[in-house]
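Notes follow the structure.
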Amino acid sequence: MQITAIVTNSAAGHDVTVRTGDSAQLLRVPPKSAGKGSAINGGEFLMLALATCYCNDLYREAERLGIPIDGVEVEASAEFPGVGLAATNITYRASVSSPAAPSVLAQLLCETDAVAEVHNTVRAGVPVELVRRQA
């Protein structure tokens with residue numbers, strides 16, 4: 001499955017599109033007040049990616065295991081020490097509202113942590129390559 005994000009920014013406008021396979025969605029992301037770039041920064045999106053991934057995966061894994069879930073809250077945070085420096089102290093926490101026993105939910109949280117794709121990508125330190133477009 002190929003996942004792509006495209007940000008197009010100019011004086012004429014600001015558009016953000018995400019695509020998984022053949023399915024594309026336009027996201028409402030405001031431009032900076034000066035118009036140059038997104039009002040939401042990459043670090044915020046990275047934390048949103050971690051929180052969204054874990055939330056979605058909790059529901060997926062709960063369904064697979066037959067665990068009912070009424071609601072989920074996930075909070076991800078990190079420290080960004082300066083320009084060009086990698087994030088440090090990346091943490092996240094989650095709470096699940098469910099009639100299931102606390103021990104069952106604890107196991108769900110652990111099992112989901114092990115299979116959360118975005119988390120595992122960050123943990124693996126996958127290389128990121130700039131591919132230059134031909135003019």
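Position 1 is the first residue of the sequence; numbering continues from there.
- With a 4.5 Å cut-off on side-chain heavy atoms, Thr8 and Val16 do not count as touching.
- The backbone N or O of Pro68 lies less than 3.5 Å from a partner atom in the side chain of Ser98, making a donor-acceptor pair.
- The structure places CD of Gln107 at 11.5 Å from CD of Glu61, a figure rounded to the nearest 0.5 Å.
- Summarising the geometry, atom OG1 belonging to Thr52 is positioned 10.0 Å from atom CZ belonging to Phe45; distances are rounded to the nearest 0.5 Å.
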Under the side-chain contact (heavy atoms from CB on, under 4.5 Å) criterion, do Thr17 and Leu27 qualify, and how do the steps go? CA-CA 6 Å; Thr17 304; Leu27 297 181; over 6 Å; no
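- For Ala114 against Asn120, the heavy-atom pair with the smallest separation is O-ND2, 3.0 Å.
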Carefully, step by step, assess Glu79 and Ile90 under the rule side-chain contact (heavy atoms from CB on, under 4.5 Å). CA-CA 7 Å; Glu79 298 290 329; Ile90 299 174; over 6 Å; no
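- No side-chain donor from either of Tyr54 and Asp113 sits under 3.5 Å from a side-chain acceptor of the other.
- With sequence neighbours excluded, the residues satisfying side-chain hydrogen bond (donor to acceptor under 3.5 Å, both in side chains) with His14 are Asn9, Ser38.
- Looking only at side-chain heavy atoms (C-beta outward), Leu65 and Leu108 come within less than 4.5 Å of each other.
- Between Arg60 and Glu117, at least one side-chain nitrogen of the basic residue sits less than 4.0 Å from a carboxylate oxygen of the acidic one, meeting the salt-bridge criterion.
- Put simply, Tyr92 and Met47 are part of two different groups of oily side chains (I, L, V, M, F, W, Y) that touch within less than 4.5 Å, one to the next.
- Nearest heavy-atom pair, Ala78 versus Ala87, reported as atom, atom and distance to 0.1 Å: CB-CB, 4.1 Å.
- Taking CD of Gln2 as the reference point, atom CZ of Arg19 lies at 8.0 Å (rounded to 0.5 Å).
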Would you please test Asp57 and Val118 for side-chain contact (heavy atoms from CB on, under 4.5 Å) and show each step? CA-CA 10 Å; Asp57 288 359; Val118 173; over 6 Å; no
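- Checked for salt-bridge contact, Arg28 and Asp15 miss the test: no charged N lies under 4.0 Å from a carboxylate O.
- No side-chain heavy atom of Ile3 sits under 4.5 Å from any side-chain heavy atom of Val18.
- Within 6.0 Å of atom CD in Glu44, more than 12 heavy atoms from other residues, nucleotides or ligands are found, so the atom counts as buried in its surroundings.
- Applying the ring pair (Phe, Tyr, Trp, His ring centres under 6.0 Å) rule to pairs touching residues 62-81 yields nothing, sequence neighbours excluded.
- When side chains are defined from C-beta on, Val74 does not count as touching Arg93, because their heavy atoms never get closer than 4.5 Å.
- Taking both residues in full, the closest heavy atoms of Ala86 and Pro81 are given as O-CD, 3.5 Å, listed atom of the first, atom of the second, then distance.
- Residues Leu105 and Ile69 are not in side-chain contact: their nearest non-hydrogen atoms beyond the backbone lie 4.5 Å or more apart.
- Here the straight-line distance linking atom NE2 of His119 with atom OG1 of Thr112 works out to 10.0 Å at 0.5 Å rounding.
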